[in-house]
Amino acid sequence: MAAWKNLDTLEAWKKIAADEKRVNIKEALTGEAGAERMKSYKVPMAAGMTYYYGAKAVDDELLEKLCALAKEAELTEKYKELYEGAVINTGEKRLVLHQLTRGQLGADVIADGVNKREFYVRQQERIAEFAKKVHAGEITNAAGEKFTTVVQIGIGGSDLGPRALYMALENWAKSNHTLKMNARFISNVDPDDALQVLSEIDVAHSIFVLVSKSGTTLETLTNESFVKDAIEKAGLNPSDHMIAVTSETSPLAKNSGYLAAFFMDDYIGGRYSSTSAVGGAVLSLAFGPEIFARILNGAAEADALSKNENPMENAAMLDALIGVYERNILDMRSTAVLPYSQALSRFPAHLQQLDMESNGKSVNRFGEPVSYQTGPVIFGEPGTNGQHSFYQLLHQGTTIVPLQFVGFVENQFDQDVVIEGSTSQKKLAANVAAQIVAFACGKDDENRNKYFEGGRPSSIIIGRKLTPEALGALLAHFENKVMFQGFLWNLNSFDQEGVQLGKLLAKRVLAHNTDGALKVLSDLFEI
């Protein structure tokens with residue numbers, strides 16, 4: 001069994017913290033030495049992608065110390081314990097098994113008398129069978145007509161990940177003629193969210209996926225009521241248009257009000273659930289089960305690479321180590337995720353939940369306060385839009401923000417136009433290359449308003465094209481990065497008690513059980 005210790009008790013970390021030397025990125029990237037550095041500071045990833053970290057504030061000496069930290073922190077051993085079924089989620093006393101939805105890394109995991117790998121595979125098979133029948137017209141609306149749209153109703157991890165993955169592959173699927181059904185998403189309890197989607201779709205030809213593990217999620221059940229009302233107003237039976245993704249013990253599991261129910265369990269947290277039935281149902285209906293399987297393959301390849309005990313050959317682990325160094329030694333408090341791909345426009349939102357819900361903790365996995373900083377604030381937008389928004393602060397602000405770029409050599413549609421000597425994709429690539437150097441090296445100018453200090457660290461993941469495999473690999477890379485950082489900080493990255501208090505107080509407001517400031521605020525909204 002691996003030993004779970006706070007970061008600041010590890011001897012390797014004490015050596016890193018005691019070293020006052022800092023790498024000057026501006027100097028490191030200057031001239032031929034800088035060119036060689038960018039070429040050599042890289043790690044292969046799954047799906048043919050590569051993680052480049054030459055613009056990070058590290059050198060060979062520091063990297064050696066970070067590798068020693070990974071070994072002393074037993075990151076590989078802890079990962080192995082996780083995927084082989086140890087109780088890693090100490091807060092809720094649960095296993096953490098999202099890797100099993102896309103590949104068996106170790107021994108079979110038996111929990112509650114069930115082979116969990118077989119359970120997850122069976123749900124994927126059931127979803128695939130259902131999706132194929134929908135696409136073939138064997139499952140239709142009451143008029144015998146095919147469904148053309150799938151709408152996911154869920155919130156948090158039941159929305160952010162699946163929505164980000166759908167948007168990431170929508171154009172690719174159109175280009176490759178694999179888009180089976182359009183997908184839409186309803187998440188916010190704000191009625192305008194549900195009403196907007198319902199106003200834009202043909203309800204008679206839509207199938208709705210209700211996602212709630214407990215079957216009691218307030219926002220999700222409220223939006224379900226909106227949907228059922230719209231279906232009934234169209235003269236239709238809601239039970240002919242709805243499926244559920246839930247636990248086997250929830251009130252939705254064996255409910256005649258749904259065409260079918262597909263199951264998840266307590267061992268996969270919402271933000272890690274995109275490769276389970278939570279994402280599998282909507283993505284298999286939208287793209288076909290074969291495409292969803294390709295996403296799983298990319299994720300499985302990334303998971304397998306994350307087993308490597310050498311961080312210099314393990315992109316997720318190295319990314320995590322550098323991130324902890326930036327957070328705890330360089331005191332960098334946020335990270336910007338900047339995909340130079342419009343298809344990944346909602347990916348930063350998914351990573352916000354993944355990272356901040358996992359590692360936004362101030363106590364360790366034993367409930368004891370930690371004396372060091374933990375998870376950073378995550379934000380981001382796709383390039384080049386972000387360049388014309390918040391890059392001003394990133395370049396010349398008083399706060400240095402580490403940058404995580406993602407870029408691709410080719411676009412998804414395989415078509416482009418040449419304007420002023422270059423295609424749009426080349427212009428996009430030119431921008432991300434320029435930004436990395438501009439952030440790192442800056443620009444001298446006697447006019448202080450035009451002076452760029454530089455020294456802004458960044459990394460970039462580069463792939464040939466955003467395919468299903470590449471998307472799955474990206475997803476798993478960041479999941480594993482967050483996991484490794486949680487291990488280093490000795491956190492439980494798999495519960496989320498911080499989202500519960502507001503929910504409890506909201507129930508009090510709705511029950512008119514308020515006093516003090518809560519009553520004044522609820523009265524302002526005439527609740």
Side-chain angles (χ1 to χ4, degrees), residues 1-20 65-66 68-79 81-82 86-96 98 156-157 266-267 269-272 316-317 319-335 351-379 399-402 478-506 516-518:
M1 296 286 290
W4 298 89
K5 299 179 181 179
N6 282 4
L7 176 67
D8 55 3
T9 68
L10 301 177
E11 293 302 318
W13 179 253
K14 292 177 183 178
K15 292 179 182 179
I16 293 171
D19 187 357
E20 297 182 358
K65 292 178 179 178
L66 291 175
L69 174 64
K71 184 175 180 62
E72 185 181 354
E74 300 181 281
L75 298 186
T76 301
E77 291 82 357
K78 290 170 182 175
Y79 181 36
E81 287 185 14
L82 181 147
V87 180
I88 298 295
N89 180 348
T90 50
E92 297 170 312
K93 296 180 174 58
R94 293 173 178 168
L95 288 63
V96 177
H98 54 278
D266 286 334
Y267 302 130
R271 57 195 177 276
Y272 296 95
M317 187 181 290
D319 199 359
L321 287 161
I322 294 174
V324 168
Y325 175 77
E326 290 173 334
R327 183 75 180 97
N328 295 96
I329 299 297
L330 302 183
D331 194 29
M332 295 175 179
R333 304 181 182 188
S334 58
T335 297
L351 296 186
Q352 281 180 335
Q353 185 197 18
L354 173 65
D355 202 313
M356 295 169 71
E357 199 168 85
S358 294
N359 291 337
K361 312 287 174 62
S362 57
V363 298
N364 67 16
R365 60 191 294 102
F366 307 114
E368 303 161 343
V370 296
S371 58
Y372 43 80
Q373 299 297 315
T374 59
V377 173
I378 305 295
F379 69 97
T399 298
I400 296 180
V401 178
F478 285 104
E479 288 177 349
N480 293 332
K481 173 193 173 182
V482 167
M483 172 192 70
F484 285 131
Q485 289 187 327
F487 290 167
L488 287 163
W489 285 317
N490 198 25
L491 305 177
N492 175 13
S493 300
F494 304 102
D495 66 2
Q496 58 283 331
E497 293 301 325
V499 306
Q500 302 302 325
L501 178 58
K503 291 182 179 180
L504 295 175
L505 291 178
L518 187 60

Determine whether [X] and [Y] make a side-chain contact, defined as any pair of heavy atoms from C-beta on separated by less than 4.5 Å.
| X | Y | result |
| --- | --- | --- |
| Val499 | Glu357 | yes |
| Leu69 | Lys65 | no |
| Met356 | Val377 | yes |
| Asn490 | Phe366 | yes |
| Asn492 | Val363 | no |
| Glu326 | Ile400 | no |
| Asp19 | Lys15 | no |
| Gln485 | Lys481 | yes |

### Task
May I ask you to say whether Glu81 pairs ionically with Lys78, meaning some side-chain N is under 4.0 Å from a carboxylate O?
no

Nearest-0.5 Å distance, [atom1] of residue [X] to [atom2] of residue [Y]:
| X | Y | atom1 | atom2 | result |
| --- | --- | --- | --- | --- |
| Glu72 | Leu488 | CD | CG | 11.0 Å |
| Asn480 | Leu75 | CG | CG | 11.5 Å |
| Asp331 | Thr399 | CG | OG1 | 9.5 Å |
| Leu491 | Thr90 | CG | OG1 | 9.5 Å |
| Asn6 | Glu368 | CG | CD | 7.0 Å |

Nearest heavy-atom pair of [X] and [Y]: which atoms, and what distance?
| X | Y | answer |
| --- | --- | --- |
| Glu92 | Asp495 | OE1-CB, 3.8 Å |
| Asp8 | Trp13 | CA-CD1, 3.8 Å |
| His98 | Phe494 | CE1-CE2, 4.1 Å |
| Ser358 | Tyr272 | OG-OH, 2.8 Å |
| Gly486 | Ser493 | CA-OG, 3.3 Å |
| Ser334 | Pro376 | CA-CB, 3.9 Å |

### Task
Starting from the C-alpha separation in whole Å, work towards a yes-or-no answer on side-chain contact (heavy atoms from CB on, under 4.5 Å) for Val401 and Thr335.
CA-CA 6 Å; Val401 178; Thr335 297; 5.5 Å; no

### Query
More than 12 heavy atoms of other residues, nucleotides or ligands under 6.0 Å from NZ of Lys5: is that the case?
no

### Task
Evaluate whether atom CZ of Arg94 has more than 12 neighbouring non-hydrogen atoms of other residues, nucleotides or ligands under 6.0 angstrom away.
yes

Keeping [X] on the side-chain end and [Y] on the backbone end, is there a donor-acceptor pair under 3.5 Å?
| X | Y | answer |
| --- | --- | --- |
| Glu74 | Ala2 | no |
| Tyr372 | Leu7 | yes |
| Asn359 | Val482 | yes |

### Message
Set out, in order, the CA-CA distance, both residues' side-chain angles and the distance that settles side-chain contact (heavy atoms from CB on, under 4.5 Å) for Phe478 and Ile378, then state yes or no.
### Response
CA-CA 12 Å; Phe478 285 104; Ile378 305 295; over 6 Å; no

### Query
Given Trp489, which of Arg365, Gln373, Arg327, Lys361 fulfils the side chain to side chain contact (heavy atoms under 4.5 Å, CB included) condition?
Arg327

### Message
Can you confirm if the aromatic rings of Tyr79 and Phe487 lie within a centre distance of less than 6.0 Å?
### Response
no

